[in-house]
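Reading through the structure tokens given below for one structure.
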Amino acid sequence: MIKTCILGASGYTGAELVKYLSLHDSYNLAGLYVSERSADAHKPINSLHSGLIGINSDPLQPLNDTILEQLAWDYDVIFLATPHEASHDWMQQLAGKRAVVLDLSGAFRIKDADVFATYYGFPHTDDVWREAAIYGLAEWYPAQIAEASLVAVPGCYPTASLTGLKPLKAAGLLTATLPIINAVSGVSGAGRKAALGNSFCEVSLQAYGLLQHRHMPEIEAYLGQEVIFTPHLGNFKRGILATITVEVQPGTTTEQIRSAFTQAYAETPCIRLRDSAPKIDDVVHTPFCDVHFAHCAQKNYVVVTTAIDNVLKGAAAQAIQCANLTQGLPIMSGLVPEGQL
Ligand SMILES: NC(=O)C1=CN([C@@H]2O[C@H](COP(=O)(O)OP(=O)(O)OC[C@H]3O[C@@H](n4cnc5c(N)ncnc54)[C@H](OP(=O)(O)O)[C@@H]3O)[C@@H](O)[C@H]2O)C=CC1
Ligand SMILES: CC(=O)N[C@@H](CCC(=O)OP(=O)(O)O)C(=O)O
């Protein structure tokens with residue numbers, strides 16, 4: 001059994017990790033942690049997330065620096081479902097020891113320290129692990145992930161955006177014109193902590209973070225091309241729908257575009273190529289990313305739509321895909337029924 005623990009287990013992504021890892025045959029989920037002064041310390045996880053009743057009733061344990069150091073030697077796999085700052089500050093103590101670390105935060109996704117400081121609002125001081133971290137876009141970097149000590153699990157919007165754009169980029173079909181990404185997320189994307197802007201009566205479909213959201217440089221870094229990215233907050237709980245409008249090379253045929261997607265995703269059970277536009281209800285509470293494209297040959301434009309559950313393929317399920325790769329398990333182990341692996 002692979003001995004594993006979750007730091008930040010009480011949050012939205014942490015709770016999904018608890019569910020999938022508790023039910024997974026190959027992992028022994030032996031520790032659930034929250035911050036040292038957490039109001040939820042010592043409570044059973046299923047008193048916070050009632051969907052876990054009958055699945056996991058372990059108490060949430062408060063962390064401190066001594067425990068942290070010990071975790072890195074005691075565990076095979078550690079999931080960090082914590083704020084960016086906490087992941088950043090702890091990595092020196094956690095990484096490079098016995099445990100493989102899967103960090104769901106954004107702290108180790110961006111290689112350029114200046115870009116990081118601009119978009120995250122605090123300086124990155126861990127050059128070693130920022131450089132060594134492997135980006136955990138599971139369908140695109142499986143070999144590197146398999147060998148990684150630290151996996152920086154992608155953000156939810158970048159997962160939806162890159163899954164739609166990378167096949168076209170890899171096939172050489174994009175032009176220099178900037179892809180336009182408009183994506184709508186459910187409110188769970190903002191995490192579980194209370195905030196006025198996320199409360200029921202305040203949320204109404206609205207763009208935010210215009211031209212300054214931290215996911216824009218993340219998408220650009222792993223696409224290899226600048227983009228315009230506009231996130232929107234929607235009045236629903238879960239899911240992201242990304243609508244991506246791109247110019248393609250003159251003379252590109254629909255068959256070339258189809259081939260770009262089928263080649264990229266022929267062997268990837270997590271990505272479902274669709275012949276109709278996906279909707280959020282198709283993917284919420286699933287680990288899948290649904291992808292569809294429409295091609296306007298006269299104008300040389302393609303509209304790609306992708307849909308994911310932000311908490312699953314956008315975070316926890318992708319982290320489990322990456323953990324599976326590091327442990328030599330099938331990539332979708334524990335995420336789909338055994339017979340479908
Ligand atoms: N929600 C989403 O759709 C996505 C989230 N992410 C990223 O994943 C991470 C977790 O997100 P999410 O689950 O939504 O967040 P939540 O706010 O729902 O949960 C955060 C968790 O971290 C704990 N925590 C907070 N501060 C600290 C600290 N200083 N030290 C230790 N634990 C702490 C919280 O418990 P407590 O405060 O009680 O200690 C809680 O368990 C974040 O970095 C987020 O950016 C990535 C992709 C998608
Ligand atoms: C709706 C909402 O607020 N979404 C979050 C994105 C969540 C995510 O992907 O998290 P990372 O911070 O780990 O990148 C946001 O826009 O900040």
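Numbering of residues begins at 1 and proceeds along the displayed sequence. What's counted below: heavy atoms across the whole structure, side chains too, no hydrogens, waters or symmetry copies. Each ligand, and each atom within it, is numbered from 1 in the order the structure gives.
The contact set between ligand 1 and Ala315, taken as ligand atoms under 4.0 Å from a residue heavy atom, comprises 47 (C), 48 (C). Near Tyr12, the atoms of ligand 1 lying under 4.0 angstrom from a non-hydrogen atom of the residue are 13 (O), 18 (O). Residue-ligand proximity, Ser10 to ligand 1, at heavy-atom distances under 4.0 Å covers atoms 34 (C), 35 (O), 40 (C), 41 (O). Every atom of ligand 2 is numbered from 1 in the order shown, and the set under 4.0 Å from a heavy atom of Gly155 is 9 (O), 14 (O). Residue His84 approaches ligand 2 through these ligand atoms, each under 4.0 Å from one of its heavy atoms: 11 (P), 12 (O), 13 (O). If you number the atoms of ligand 1 from 1 as listed, the ones under 4.0 Å from a heavy atom of Leu104 come out as 6 (N), 7 (C), 8 (O), 46 (C). Contact atoms of ligand 1 toward Ala9: 41 (O) (distance under 4.0 Å to a heavy atom of the residue). When each atom of ligand 2 is checked for a heavy atom of Gly186 under 4.0 Å away, the hits are 1 (C). Atoms of ligand 1 found under 4.0 Å from any heavy atom of Gly314 (numbered from 1 in listed order, with element): 47 (C), 48 (C). Shown in contact with Ser35 at under 4.0 Å from a heavy atom are these atoms of ligand 1, numbered in order with element: 27 (C), 28 (C), 30 (N), 31 (C), 32 (N), 33 (C), 36 (P), 37 (O), 39 (O). Ligand 1 places these atoms under 4.0 Å from at least one heavy atom of Gly189: 1 (N), 2 (C), 3 (O).
In the candidate list Pro154, Ala81, Ala316, Ala81 is nearest to atom 20 (C) of ligand 1, counting heavy atoms. The option from Ala15, Ser38, Gly8 that lies nearest to atom 38 (O) of ligand 1, judged by heavy atoms, is Ser38. Among Cys156, Pro83, Ala195, the residue whose heavy atom sits closest to atom 26 (N) of ligand 1 is Pro83.
At the shortest separation from atom 12 (P) of ligand 1 among protein heavy atoms lies Thr13 OG1, 3.8 Å. The protein heavy atom nearest to atom 42 (C) of ligand 1 is Thr82 O, 3.3 Å. Among protein heavy atoms, atom 29 (N) of ligand 1 sits closest to Ala86 CB, 4.0 Å. Of the protein's non-hydrogen atoms, the one nearest atom 9 (O) of ligand 2 is Cys156 SG, 2.6 Å. Among protein heavy atoms, the minimum distance from atom 3 (O) of ligand 1 is reached at Asn310 ND2, 2.9 Å. Given atom 2 (C) of ligand 2, the protein heavy atom at minimum distance is Tyr208 OH, 3.3 Å. Looking only at protein heavy atoms, the nearest one to atom 17 (O) of ligand 1 is Arg192 N, 3.5 Å. Among protein heavy atoms, the minimum distance from atom 13 (O) of ligand 2 is reached at Arg109 NH2, 2.8 Å. Residue, atom and distance of the protein heavy atom nearest to atom 7 (C) of ligand 2 are Gly189 O, 3.1 Å. In terms of protein heavy atoms, atom 14 (O) of ligand 2 is closest to His215 NE2, 2.4 Å. Nearest to atom 11 (P) of ligand 2 among the protein's heavy atoms is Arg214 NH2, 3.3 Å.
By the criterion of a heavy-atom distance under 4.0 Å, the backbone of Ser188, and not its side chain, is placed next to ligand 1. When heavy-atom distances to ligand 1 are checked against a 4.0 Å cut-off, Ala190 has no atom that comes that close, whether in backbone or side chain.
Ligand 1 has a nitrogen or oxygen under 3.5 angstrom from a nitrogen or oxygen of Gly11. Between His213 and ligand 2, at least one N/O pair is under 3.5 Å apart. At under 3.5 Å, not a single nitrogen or oxygen of Tyr157, backbone or side chain, sits near a nitrogen or oxygen of ligand 2. Residue Arg214 places no N or O, backbone or side chain, under 3.5 Å from any N or O of ligand 1. For Leu233, no nitrogen or oxygen atom sits less than 3.5 Å from a nitrogen or oxygen atom of ligand 2, counting backbone and side chain alike. Taking distance alone, with nitrogen or oxygen atoms compared against 3.5 Å, Ser185 stays at or beyond that limit from ligand 2. Not one N or O of Tyr33 is nearer than 3.5 Å to an N or O of ligand 1, by distance alone.
With a 4.5 Å cut-off on side-chain heavy atoms, Thr230 and Ile180 do not count as touching.
In this structure, Leu104 counts as a contact residue of ligand 2, since one of its heavy atoms falls inside 4.0 Å of the ligand. Under a 4.0 angstrom heavy-atom cut-off, Trp90 registers as being in contact with ligand 1. By the 4.0 Å heavy-atom criterion, Glu218 is excluded from the residues contacting ligand 2. Taking a 4.0 Å cut-off on heavy atoms, Gly106 fails to register as neighbouring ligand 1.
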* salt bridge (Lys or Arg N to Asp or Glu O under 4.0 Å) evaluation trace for Asp282 with Arg274 -> CA-CA 11 Å; Asp282 299 338; Arg274 303 266 308 259; 2.9 Å; yes
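Between His215 and Tyr157, the two ring planes are perpendicular [angle over 60°; tilted spans 30° to 60°].
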